[in-house]
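What follows is a single structure, written as structure tokens, with notes after it.
In what follows, chains are A, B, ... by sequence order, proteins preceding strands, each numbered from 1.
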Amino acid sequence: MLIYIYLIAITAEAMSGALAAGRRNMDLFGVALIAFLTALGGGTVRDVLLGNFPVTWTQHPPYIYLTVSAGLLTMLLARFMKHLHQLFLILDGMGLIAFTIIGCNVALRLDYETPVVVMAGITTGIFGGILRDIMCNRTPQVLRHELYASISLLVALLYLFLMNQGVDQDINMLASFSVGLLIRMTAIRYQLSLPVFSYAPNKWTD
Amino acid sequence: MLIYIYLIAITAEAMSGALAAGRRNMDLFGVALIAFLTALGGGTVRDVLLGNFPVTWTQHPPYIYLTVSAGLLTMLLARFMKHLHQLFLILDGMGLIAFTIIGCNVALRLDYETPVVVMAGITTGIFGGILRDIMCNRTPQVLRHELYASISLLVALLYLFLMNQGVDQDINMLASFSVGLLIRMTAIRYQLSLPVFSYAPNKWTD
Amino acid sequence: MLIYIYLIAITAEAMSGALAAGRRNMDLFGVALIAFLTALGGGTVRDVLLGNFPVTWTQHPPYIYLTVSAGLLTMLLARFMKHLHQLFLILDGMGLIAFTIIGCNVALRLDYETPVVVMAGITTGIFGGILRDIMCNRTPQVLRHELYASISLLVALLYLFLMNQGVDQDINMLASFSVGLLIRMTAIRYQLSLPVFSYAPNKWTD
């Protein structure tokens with residue numbers, strides 16, 4: 001089941017990448033590339049960090065076609081995106097959580113220690129969005145918005161805790177996924193956010 | 001012959017990196033580093049993505065000296081660059097295409113599937129310029145300008161198509177190179193470009 | 001002894017990352033992530049470039065805790081940072097130099113050629129700060145400020161020269177470290193800097 005959620009997730013992420021590219025007036029090629037990077041960049045960074053070669057998407061060419069197509073299609077659908085905003089946020093939240101669980105599984109399979117497994121989950125969850133924002137020359141949104149990246153951390157911790165308690169793998173995934181999505185939806189609904197650190201010295205050169 | 005074009009190409013790319021660094025008032029060290037990254041960054045990203053270790057330039061120290069020198073020399077030549085604009089664009093176009101073909105060859109040697117070979121070619125062709133722009137805090141130009149990155153895609157596809165048709169390797173390289181350069185020159189001459197996607201919602205938080 | 005300096009160094013770098021995140025009004029999670037990236041990003045980029053897997057910090061989870069804690073603690077200490085500016089600059093300089101020597105050692109252990117060893121030292125020394133600035137959407141400060149990145153180059157060259165002369169490893173480290181720190185302190189005191197390259201053509205499209 002995770003694979004279906006994964007496919008929906010990379011599609012949603014590709015669309016978010018395409019919209020960000022559109023805000024920077026990129027051409028067809030730029031839109032396709034940013035869509036691809038947003039959808040598969042998080043997993044790529046994770047694979048490189050963990051030394052997990054070959055990188056996952058290089059073994060699954062259909063992922064390339066899917067994300068590039070989703071990106072290009074978004075150009076046609078852009079005018080309707082406003083009305084699909086709620087749906088889009090849900091799909092994006094599902095992606096964040098599915099990516100996180102998948103990332104943890106990859107690191108677990110390679111026998112990394114728990115803190116690294118958590119980092120692998122978070123990296124998979126949020127780095128696609130970070131790469132998107134770097135490519136579009138803006139400060140990463142995922143580190144500033146309402147509860148988003150921290151939900152990735154929470155899901156990773158919950159997933160590993162339940163695994164440690166001997167909970168069945170399928171039930172664990174379902175539980176972690178549901179709890180994560182519920183918190184994400186609550187955060188959007190009530191605009192919950194972490195405390196923000198604002199630092200504005202008058203004279204500081206670094 | 002590709003090796004000579006390659007050397008010219010990394011020199012041209014290093015110069016383009018140095019000029020971009022100059023626009024950001026970087027010091028000698030910054031100029032040298034951006035020159036190096038622009039020239040050899042695309043191949044580095046490709047090698048890391050494909051798990052092709054050791055990374056190519058680490059086995060060819062002269063490439064380091066060449067790109068750093070070209071970058072520093074550009075500081076002296078900057079005042080003449082305006083007059084060399086046309087020549088520079090041609091060298092840059094040659095670089096884009098040579099990089100693309102070389103990138104495809106690396107992925108082919110490692111037995112990756114066709115779509116990944118194309119991605120490797122494009123990555124080698126355009127990622128140096130993308131890294132340059134990220135380091136200089138601007139939106140990647142290669143994704144916004146007239147036909148540029150898409151020529152990398154086109155050359156990769158043509159090269160693989162001719163290879164698939166059993167065309168001799170040398171003739172194939174020459175043909176792909178010539179066609180690519182011709183299209184690039186035409187694109188510059190007539191300012192051809194891909195359709196641009198402009199997305200500017202009044203209220204959209206992602 | 002280098003390990004103690006290293007721990008002080010990653011703490012200082014994490015704090016510098018947290019302050020940069022605070023200037024962009026990031027939330028708790030963003031502060032922690034940027035702190036981690038600033039402190040351990042340079043070594044990570046080095047390990048990936050050299051194909052040195054597993055990446056160092058994945059084998060030392062305490063480094064994750066230390067840098068994240070230092071980042072979060074900085075939020076509380078921020079109001080006092082102004083008074084600690086001098087101390088902070090010294091710690092940061094120590095970090096730059098310790099990172100450089102460690103980076104050289106890693107590349108030497110993997111039998112890379114001298115120019116690559118130098119690049120590995122520089123990468124370890126300055127790439128954490130570069131990643132910090134990219135994540136915070138600003139032009140890398142290390143390439144613009146007074147003598148900073150170039151001290152990394154100087155220390156790497158001195159360290160390799162003394163090694164080549166058969167100087168005892170411990171004495172070499174101490175000497176390279178001391179000379180580097182002295183120059184860095186002098187550069188700060190007298191605001192020494194490399195020549196800057198300013199390029200501002202009226203009409204240039206690349």
Side-chain angles (χ1 to χ4, degrees), chain A residues 44-53 55 107 110-120 122-123 125-127 129-131 133-154 156 187 192-206, chain C residues 15-34 36-37 40 44 47-48 51-55 57-65 68 71-72 74-76 78-79 81-82 85 88-89 92 129 131-138 141-142 145-146 148 188 191:
Chain A
T44 303
V45 172
R46 175 206 62 218
D47 283 343
V48 169
L49 281 179
L50 300 182
N52 183 37
F53 296 104
V55 167
L110 296 168
D111 285 326
Y112 277 100
E113 289 186 71
T114 304
V116 181
V117 172
V118 172
M119 295 295 284
I122 295 173
T123 301
I126 70 173
F127 245 86
I130 289 177
L131 288 179
D133 291 343
I134 289 174
M135 294 288 287
C136 292
N137 197 21
R138 60 180 186 182
T139 304
Q141 302 298 304
V142 300
L143 307 175
R144 303 179 70 191
H145 268 189
E146 80 280 357
L147 288 190
Y148 185 91
S150 39
I151 289 173
S152 180
L153 169 62
L154 205 97
L192 305 180
S193 61
L194 287 180
V196 160
F197 174 39
S198 292
Y199 182 67
N202 13 10
K203 189 173 165 279
W204 178 265
T205 50
D206 187 279
Chain C
M15 293 176 76
S16 118
L19 292 178
R23 287 160 164 272
R24 286 289 182 268
N25 305 313
M26 290 194 186
D27 65 16
L28 279 183
F29 188 95
V31 169
L33 184 72
I34 305 282
F36 171 82
L37 263 178
L40 300 176
T44 304
D47 284 343
V48 169
N52 183 37
F53 296 104
V55 167
W57 62 261
T58 64
Q59 308 303 299
H60 300 278
Y63 294 173
I64 306 178
Y65 301 135
V68 165
L72 294 179
T74 304
M75 294 171 66
L76 302 177
R79 71 186 65 184
M81 290 307 289
K82 208 162 40 179
H85 195 162
F88 194 72
L89 280 177
D92 179 66
L131 288 179
R132 172 196 66 206
D133 291 344
I134 289 175
M135 294 288 288
C136 292
N137 197 21
R138 60 181 186 181
Q141 301 298 305
V142 300
H145 269 188
E146 81 281 357
Y148 185 90
I188 293 171
Q191 307 205 317

Side chains of [X] and [Y]: closer than 4.5 Å at any heavy-atom pair?
{"X": "Leu49(A)", "Y": "Thr58(C)", "value": "no"}
{"X": "Val31(C)", "Y": "Tyr199(A)", "value": "no"}
{"X": "Leu33(C)", "Y": "Ile126(A)", "value": "yes"}
{"X": "Leu28(C)", "Y": "Phe197(A)", "value": "no"}
{"X": "Leu143(A)", "Y": "Met135(C)", "value": "yes"}

(message) To the nearest 0.5 Å, what is the distance between CG on Asn137(C) and SG on Cys136(A)?
(response)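 Reported to 0.5 Å precision, the distance equals 11.0 Å.
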(message) Rounded at 0.5 Å granularity, tell me how far OH in Tyr148(A) sits from CG in Asp27(C).
(response) 13.0 Å
(message) Please classify the contact between Ala21(C) and chain A as side chain, backbone, both or neither, with a heavy-atom cut-off of under 4.5 Å.
(response) backbone
(request) Apply side chain to side chain contact (heavy atoms under 4.5 Å, CB included) to the pair Tyr112(A) and Gln59(C), showing each step before the final yes or no. (result) CA-CA 8 Å; Tyr112(A) 277 100; Gln59(C) 308 303 299; 3.7 Å; yes
(message) Using heavy-atom distances under 4.5 Å, tell me whether Ile134(A) contacts chain C through its side chain, its backbone, both, or neither.
(response)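 The side chain, not the backbone.
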(message) Under 4.5 Å from any heavy atom of chain C, what part of Leu110(A) do you find: side chain, backbone, both or neither?
(response) neither
(request) Identify the two heavy atoms, one from Phe29(C) and one from Leu153(A), that lie closest to each other, and give their separation to 0.1 Å. (result) CE1-CB, 4.0 Å
(request) Starting from the C-alpha separation in whole Å, work towards a yes-or-no answer on side chain to side chain contact (heavy atoms under 4.5 Å, CB included) for Met26(C) and Thr139(A). (result) CA-CA 9 Å; Met26(C) 290 194 186; Thr139(A) 304; 3.6 Å; yes
